[in-house]
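I have placed the structure first, in the form of structure tokens, so that the comments after it can refer back to it.
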Amino acid sequence: MNTDFSVPRMQHPVGMAILVVKFCWKAISSFWPILIGLSLAEVDWRHYLAISLVFIGVAASAIVYYLRFRYHVASDALIVERGLIQRERLQIPFDRIQAVQLFQGPIQQLAGLTGVRVDTAGSSGSELELVAVRRSEAEGLKEHLRRRIESTHASASSALVAEGGEDTGAIFHQDKAGTPLVALDFPSLMKVGLSQNHLRSAFISLAVVMSFFQGMEDRVVAWLEGLPFAVQALIGLTTVLLILPGIMLFLLAGVVTSVVLAVLRYWRLNSTLDDEGLKLEMGLFKRNVFEVPFQKIHLTEWSSNWVRRQLGFETLRIRQAQAEGGAGGLRVFIPAVEPAHRAAMESALYPDLLPETAREFRPAGRLRWLLWLIALLPTTALTLDPSAGNLIAALLWSGFVFWTSGRRFRSLRMAVHGDAVVLERGWFWRTRVLLKMSQLQGVEWKRNALLERREIGHLVFHTAAGARSFRYMRKLEGLQVRDFALHQLHQARWALDGQGRGRP
Amino acid sequence: MAQANPEIHLGDVPRLEEVTFLPVSRKYLRMRLAMWGAVQLLSFGFVLAPFVAKAFVDSGEFDGFSAWWWPVGALSTLGLLWLLEEWKGFERRGYAVREWDITYRTGWFFRNTTTVPFGMIQHSELSQGPLSRALGLNHLKIFTAGGSGNLRIAGLEEEEAQQLRAVIEVRTQR
């Protein structure tokens, strides 16, 4: 095992095979319309020759890419040289590294290798992916990087403020045992699969089937036209009879797809929590390992629907800094978080999240009527044709949405703690967003002139992981919270600099 | 800040409402109005083209023009509202620099007040289009991580823009 990472080195030889598969897959997924077109047309040996030549070319370029790929660790950055004809040299300074993720596809699992993905903040396309590194070497690489970072004191990551904790060294930490968080066994995996949105899964499976059978119509029509008329009529009749079973099949496909997707994504999900961050491992064919240090987490979102709540589950989304334009940015997704896990996670991430320190805010009462009015819009269509049945339907609908909009209004809540802000909304689909004032990138107060006359506005929190807002707040309260958030932000910043950890 | 259990006094912190906002250059209003005029000219040219065509090529009995007044009406209403927003909104357009943050305020009907702390600014940029170059104006763009808190303070005089940029650079560094 070679542990000298300061010398440029290649990836493990199996990486060549992985790259060939990857490149070919990329070629197939970008040329599939042509391939399907060819499969319908009359094919002779020249087509086969052309196709195999293309794939040989793709495989050759993958091999060249592998042979010319070098990476090493310099004093202040991770350096990669790559490229087929035009060589590029990629430098990733340590303080730009957001997270290091290990992943294993089927080939890597067989060969005892692992892939390493390095995520960076900001500019997309500069993230790095090594496809084949020996597991022990990957650990060595992480350890090496960690030592480098500590010795260079690269703690001035200007964009990210940690309250008290280590700044950059925490990206890589030794594999010490943390407190176990969520671990999915088979029954809970099934529960997750069964409580997913089946209608959406059904449409996904339908889309997959449709894309598979694209272009088959002509063949079916041609086949039908060849048949005698009586048989055609019979087939037409049976398809009508097939509608109900078809719907059943559609729904069944939805449930099956949900379960299969859940198994593929969350197989043997295992997560642990230590004082530096969260570690997560999941997946069947492609196993992903995420390591998320706490101070790189900019938003956490807890969501649940009614069914999940009955099972005692919530879904947790962890968002890190996103690249410009909303794309990129690692997002970790954990289903089936139980209340105890949530408590552990929240006390680690937001130590000030105590119920007694909260100031609670609710939107202005006007919003309740506004929500009702918006929900009433469909009734205008009914009253255009004022028959008795329509009027009764409109009345029933108004009553129903009066109830739902009332519940929705009552579910909207913002709680401000010492540093954490909690935004809650929804009663059937419930969402709870947590963010830290000390991590805010900006605060915005916006309203239109009509709202300004009523002294109402929207408070928007800009974080590195996107904007979240609390709408229809009373002006007095909104401005108080804004000023308080800015104050807390400056305090945290000042405390950080005061400890001599700012820029020299 | 103590870890334990700090009491929250929301009223005790410095208030942003009390600062005075500095206006951007008056020339920027001219630029916005010129842009408004250009867009109006283009869209009216597009809508009124059939009338002009009719005046030149009179086909006689064709009478499909009654409905055509709707877009003309809608367009002029929208244009007037936009003009009002530009006119009244310019008075409210301005920025304020405090010790630790910078605030930008815009709009008359749609009012925004955005504050970005200096500590979170990643970099800033001065940009100039052809029109603003002719008028000697500069736009200062401020970038933060994630991009959702980005600010664009438009219509600054050359000298003022350089000064503001220098201020931001100094405060971001510390």
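Numbers restart at 1 for each chain; the letters A, B, ... are given by sequence-line order, proteins then strands.
- Between His458(A) and Tyr472(A), the ring planes are perpendicular. Angles over 60° get that label, and only those under 30° would be called parallel.
- Contact of Arg105(B) with chain A is not made at all, since no heavy-atom distance falls under 4.5 Å.
- Top candidate by heavy-atom pairs under 4.5 Å with chain B, chosen from Thr463(A), Asp483(A), Leu479(A), Leu486(A), is Asp483(A).
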side-chain hydrogen bond (donor to acceptor under 3.5 Å, both in side chains) between Tyr350(A) and Thr300(A), intermediate numbers included: CA-CA 10 Å; Tyr350(A) 307 99; Thr300(A) 52; 3.1 Å; yes
Working note: Glu444(A) + His462(A), criterion side-chain hydrogen bond (donor to acceptor under 3.5 Å, both in side chains); need CA distance, chi angles, decisive distance, verdict. CA-CA 8 Å; Glu444(A) 185 178 349; His462(A) 293 285; 2.8 Å; yes
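- For Leu440(A), the part lying near chain B is the backbone, with the side chain staying farther off; criterion is any non-hydrogen pair under 4.5 Å.
- Atom CZ of Phe44(B) has more than 12 neighbouring heavy atoms from other residues, nucleotides or ligands inside a 6.0 Å radius.
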